[in-house]
Amino acid sequence: MITQDILNEVQARLNNLFTDEIDCKEMAKIIREVNNALSLSVMRDCETVKFGVKNIDDSFYWLNKLAEVLDPYLDV
């Protein structure tokens, strides 16, 4: 179960990350670039990615959701 203390700590860490280390829009761009590379690798049947296809589906979804939170791109 997630407590308020844990949520506060996660929020503080995210604030520090996006204040001190990387801009939200830059992080969203990086996430999208990685998702694109992973997608292309899977579509091209890349052997190094072949064993992680199940995890890539979930990772792609959640990384995309995070990118949209950081810098909405697909909002209509």
Side-chain angles (χ1 to χ4, degrees):
M1 183 172 167
I2 297 177
T3 64
Q4 190 61 40
D5 290 338
I6 293 172
L7 289 175
N8 290 341
E9 184 173 336
V10 169
Q11 184 177 7
R13 288 180 183 180
L14 285 172
N15 284 338
N16 288 339
L17 175 70
F18 295 122
T19 301
D20 300 336
E21 299 186 36
I22 190 167
D23 179 64
C24 288
K25 289 185 180 202
E26 185 64 25
M27 177 64 96
K29 179 182 175 187
I30 291 168
I31 290 169
R32 290 184 180 109
E33 288 172 351
V34 169
N35 277 345
N36 184 51
L38 285 172
S39 299
L40 290 175
S41 295
V42 169
M43 287 188 289
R44 293 176 179 159
D45 202 25
C46 178
E47 294 207 10
T48 55
V49 181
K50 198 174 196 174
F51 297 105
V53 170
K54 182 181 178 196
N55 292 335
I56 289 173
D57 285 345
D58 289 339
S59 299
F60 180 85
Y61 174 80
W62 289 111
L63 285 173
N64 216 34
K65 289 284 275 190
L66 178 58
E68 288 304 303
V69 167
L70 298 175
D71 179 31
Y73 180 75
L74 299 175
D75 284 349
V76 204

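The model shown is predicted, which means the values in this text are computed figures rather than measured ones.
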Looking only at non-hydrogen atoms, find the nearest pair between [X] and [Y] and report the distance.
{"X": "Asp23", "Y": "Phe18", "answer": "C-CD2, 4.3 Å"}
{"X": "Leu70", "Y": "Met27", "answer": "CD1-CG, 3.4 Å"}
{"X": "Ala67", "Y": "Ala28", "answer": "O-CB, 3.7 Å"}

Point to revise | Test item: Asn36 side-chain N/O and Arg32 main-chain N/O as donor-acceptor pair under 3.5 Å | key: no

**Study point:** Same cluster (ILVMFWY, side-chain, under 4.5 Å), Leu7 and Leu66
**Key:** yes

Review point. Leu14 and Ile6: same hydrophobic cluster, using ILVMFWY side-chain contacts below 4.5 Å?
Key: yes

Review point. Would Gln4 and Asn8 satisfy side chain to side chain donor-acceptor pair (under 3.5 Å), going step by step from the backbone distance to the final call?
Key: CA-CA 6 Å; Gln4 190 61 40; Asn8 290 341; 3.0 Å; yes

Exercise for review: Could you check if a side-chain atom of Ile31 sits within less than 4.5 angstrom of a side-chain atom of Val34, using non-hydrogen atoms only?
Suggested key: no

